[in-house]
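Step one of this worksheet: look at the structure below.
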Amino acid sequence: MGKKSIVILLVCLLIVSISAGACAKAPAPEAPEKSLTLGVSATYTGGLGATGSHVCDGKIDYLHWIASQGGIEYKDPTSGQTETVAINVIWEDNQYDVAKATSAYKRMRAAGANAILGFGSTPGEACAAHASRDKLPYLSWYAYASPAGYAPKPQYYWTCLPMIAESSTSMAKWLVKEKLQGIQTPKIGYMALDVPSWRPLAKPGLMDSYIENIGGELVGIEWMPPLVTDLSVSITRLVTEKKAQGIVLIGTLDQAIVAAKDMRRIGIDPNEVTLVCNPSAWDESLLQFGEIEGLYGEVICALPGEDVPGMELVNQVAEWAGRSPEELLVNYIAGLLGAQVFAEGVKRALENEGYESVASSGEPIRHVLANFKRMDTGGLGEIEVRYPDVEPFFLSGSRIIQAKGGKFVLVSDTFELDLIKGALE
């Protein structure tokens, strides 16, 4: 064999040897990472932006925190092994607007969202029919149920609270049975934000009959525009003309401030006429306004600094997100609680049906949320769907707090929310 042939042969052998070595050392292809996409239809601007920003900070912080920990850990139903699914968090500001909420929903669906966590009754109900058609689970946390939202079937849309009328029953009971106890037939007035999803509040036979049944009288409902600078006319009608001794305000933080200032400006003593605000109109950001002193509000979760185990998680997430103590408001906790429920729903679906089923279909998450069993939140809130065949809402009670001495003071135990027949019809 000539020298040239020997050289060619050696080169060929070298190439074969290198190729064989490369094949032997190449790592086995990795299995694709298990991941789910969770969307948040948030409210940072618009009519309820002041409240929504606090709530949605809590939601988004918690979901991002879970993502930073590697994702959602669950026990695989087939192997019995502990698995982890990574989560991709996407969000948009729905501005508490029907058109923008619908557009945000469509973009999140196009981005592959496996489930959506929303804010607000009006934005949520605008997406309910889409969710039903697309079989995309949509939990509107910090929202009231409505006929329009719960009508589409199969139901893929849920709210944390029942109908707005029913959600006010705890405040009405506190006023009639506790705060105004001793007054024969206390007169109760309502002031409510004028949005379509809250209009059923005035349906004949709902709040008027309910308040009569608990021993009071509903003397009127005053509707408030989203942007308001003066509520003195509405307050005068309820208090001066109709002699209301208690007022339930269901609206926004801005409306609560205006109502508090106008009451004092026209000479109404809050010790004689009790004003109590719903959660979207009540948090610690109001304490900077002296006119709030002595007024009351409703809370659906633990208070900042309350001695319950769940606050350790809240503090951990807030610290991780770089939140200052001033940002740790009651509505931040409410939002974090909602994200905790949302993530738990995904976890339970994974443990029931496995990753492939959850990743390819909304049915496993739908089934869990529609029949959500009691969840231990460490005292942050009582979570359970008690009436899955009637109204599948998650929160069944609230407490009353008072602005006193520049801080919030708890003044009641939990008042259960009562269902009202015909509320969803």
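Scope of the values below: all heavy atoms of this structure, side chains included, with no hydrogens, waters or symmetry mates.
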Test your reading of the model: is there a side-chain donor-acceptor pair from [X] to the backbone of [Y], 3.5 Å cut-off?
X	Y	value
T252	L48	no
E92	Y105	no
D262	L231	yes

Nearest-0.5 Å distance that lies between atom [atom1] in [X] and atom [atom2] in [Y]:
X	Y	atom1	atom2	value
I116	I365	CD1	CD1	11.0 Å
E217	K187	CD	NZ	4.0 Å
S396	I300	OG	CD1	11.5 Å
I420	E391	CD1	CD	9.5 Å
I292	C277	CD1	SG	6.5 Å

For the pair K407 and E284, find out whether any cationic side-chain nitrogen is under 4.0 Å from an anionic carboxylate oxygen. no
Do [X] and [Y] pair up side chain to side chain, a donor and an acceptor below 3.5 Å, judged on atom types alone?
X	Y	result
E326	S324	yes
N88	S35	no
H54	D283	yes
Y74	E83	no
E298	S170	yes
T37	N114	no

Indicate the ring-plane relationship of Y44 and W91, choosing parallel, tilted or perpendicular according to the 30° and 60° boundaries. tilted
Examine R399 relative to W174 and say whether NZ or CZ is less than 6.0 Å from the centre of the six-membered ring and inside a 45° cone about the ring axis. no
Taking the six-membered ring for Trp, are W198 and Y144 ring centroids under 6.0 Å apart? yes
Give the C-alpha distance, both sets of side-chain angles, the deciding distance and a yes or no for side chain to side chain donor-acceptor pair (under 3.5 Å) between T51 and Y142. CA-CA 10 Å; T51 304; Y142 219 86; 5.7 Å; no
State whether the number of non-hydrogen atoms from other residues, nucleotides or ligands found under 6.0 Å of E319 atom CD is greater than 12. no
List the steps and the verdict of salt bridge (charged side-chain N to carboxylate O under 4.0 Å, His left out) for E351 and R348. CA-CA 5 Å; E351 293 186 333; R348 292 180 183 182; over 6 Å; no
Checking salt bridge (charged side-chain N to carboxylate O under 4.0 Å, His left out) for the pair E178/K173: CA distance, chi angles, key distance, verdict? CA-CA 7 Å; E178 191 165 307; K173 279 193 292 188; over 6 Å; no
